[in-house]
Amino acid sequence: MVKISATSKSERLNDLLDKIKEASNLFLGYPVSKDFDYSELHEFLKYPINNLGDPFEDSTYKVQTHEMEREVIDFFAKLLRANPKNYWGYVTNGGSESNLYGLYIARELYPKAMVYFSESTHYSVKKNIHLLNIPSIVIRSQENGEMDYDDLENTLQFNRHKPAIILTTFGTTMKEAKDDVTKVKGILKKLAIQDHYIHCDAALSGSYGAFIEPRIPFDFEDGADSISISGHKFIGSPIPSGVILTKRSLRDRIAKGVSYIGSLDTTITGSRNGHSSLFLWYAIKTMGMEGLKSRYLQSLEVAEYCKKELIKLGIEAWSNEGAITIVLPKMSDAIKDKWQLATEDITHIICMPNVTKKQIDAFIEDVKKEKEITSKQAITYA
Ligand SMILES: *Cc1c(COP(=O)(O)O)cnc(C)c1O
């Protein structure tokens, strides 16, 4: 093994830290909050915390944070209006694993089902459907990114003889569009498809969905059977994490006991990150429901401000109702690179809780300057 000298090692670390700090300051295009402070939990990094097994079952491995994990699940169960007597879940590695779990339960319940998801669905869903080998049909999206309910109804009609798994999205990746679970339920009822399952991918907007007014139906009371939430997006965490919530009665159907860990093998991975549960627990204890709500309202205000300022410059910026994502036409490569804007045929600014009006002003200033230069050039060329 080539030995790296101590100085070069610490130099490398310092360089890395500088780069990460700089990149983290100019960051408007991805949905991750950076305004967290978990320094009180520093001591816990010295221990091999592993949340192996089901968080609601005893296990022989005791270096774990199951108790905190259960409180995180309880918090989200309340927030997502789960039946207090019939919920279950665990802290995952992120939204992708949460989606895999939801689809896994759905397939175990209805092995002969068809999955329906819209064009705007997150890429993890397509991969998960492939992994689980479930037949699927893509439903058109409306212009705003929301599922086209007429297309869903027509497509379901042709497949009425099959159980239906509907994957709804609450906060699509590019436009933060939200599928209405009540409308989906209504269509299933109208077509008398009794064997159905709705998984709601709320990785992006699930942690603040309860505070959006007017309310957009998406949670357990609205008809979802399982819901994915992300931990490192709106709430914020140094390590990616997520939450999957479902009904306890559904989990019971797939639970298998494993004597080696003295617990139930109800999770996708065996070893599980116990620090993530601790971070999430710390965050919800610090914020509470009220704190989470004001966090959303503050983000919404910054988003509305950003939209207004862009419109003032003559840029066609818009957003879905209640969204903290502002959609705008493709920007120049220089702006896109500097502000790390994810771009497809459009681009977006996501006003996560750490994004300030000051940052928006700096961004607007860049857009303005560029506009002035291009309009000057246009005059010279004319
Ligand atoms: C982020 C996101 C995911 C995936 O989450 P990861 O944590 O990256 O695995 C899935 N769906 C939606 C809508 C998302 O925003």
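For reference, positions follow the sequence shown, starting with 1. What you are looking at is a predicted structure, and each value in this text was computed from that prediction instead of being measured. Ligands are counted one by one from 1 in listed order, and the atoms in each one are counted from 1 as well.
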Using the salt bridge (Lys or Arg N to Asp or Glu O under 4.0 Å) rule, pick out the option among Lys247, Arg251, Arg248 that qualifies with Asp225.
->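 In the set Lys247, Arg251, Arg248, the residue that makes a salt bridge (Lys or Arg N to Asp or Glu O under 4.0 Å) with Asp225 is Lys247.
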For Pro240, is the nearest heavy atom under 4.0 Å from an atom of ligand 1?
->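 Outside the 4.0 Å threshold, so no.
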Determine, using heavy atoms of Gly242 and all atoms of ligand 1, whether some pair is separated by less than 4.0 Å.
->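 Gly242: no contact with ligand 1 (<4.0 Å).
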Could you list which atoms of ligand 1 come closer than 4.0 Å to a heavy atom of [X]?
X      : result
Leu204 : 15 (O)
Gly94  : 7 (O), 9 (O)
Ala203 : 2 (C), 3 (C), 10 (C), 11 (N), 12 (C), 14 (C)
Gly171 : 13 (C)
His232 : 7 (O)
Ser124 : 10 (C)

Heavy atom of the protein closest to [atom] (residue, atom name, distance):
atom                    : result
atom 4 (C) of ligand 1  : His122 CE1, 3.3 Å
atom 11 (N) of ligand 1 : Asp201 OD2, 2.6 Å
atom 2 (C) of ligand 1  : Lys233 NZ, 2.4 Å
atom 6 (P) of ligand 1  : Gly95 N, 3.4 Å
atom 9 (O) of ligand 1  : Ser96 OG, 2.5 Å

Could you check whether [Y] and [X], counting side-chain N and O atoms only, form a donor-acceptor pair closer than 3.5 Å?
X      : Y      : answer
Asp366 : Trp339 : yes
Tyr305 : Asp361 : yes
Tyr90  : Glu69  : no

Whether Trp88 and Phe56 hold their rings parallel, tilted or perpendicular, with breakpoints at 30° and 60° =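 Geometry flag for Phe56 against Trp88: tilted rings.
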Could you state the interatomic distance from CZ (Arg140) to CG (Asn154), rounded to the nearest 0.5 Å?
->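 Here the rounded value is 8.0 Å.
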Under 3.5 Å, is there a donor-acceptor pair between the side chain of Ser141 and the main chain of Met147?
->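 The answer is no, because no donor-acceptor pair under 3.5 Å joins these two groups.
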Does atom NE2 of His42 have more than 12 heavy-atom neighbours from other groups under 6.0 Å away?
->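 Open.
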Have a look at ligand 1 and work out which part of Asn99, if any, has a heavy atom under 4.0 Å from it: side chain, backbone, both or neither.
->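 Asn99 to ligand 1: side-chain contact only, backbone stays beyond 4.0 Å.
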Should Lys62 and Asp58 count as an ion pair when the cut-off is N to O under 4.0 Å?
->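 So Lys62 does not pair with Asp58 through a salt bridge.
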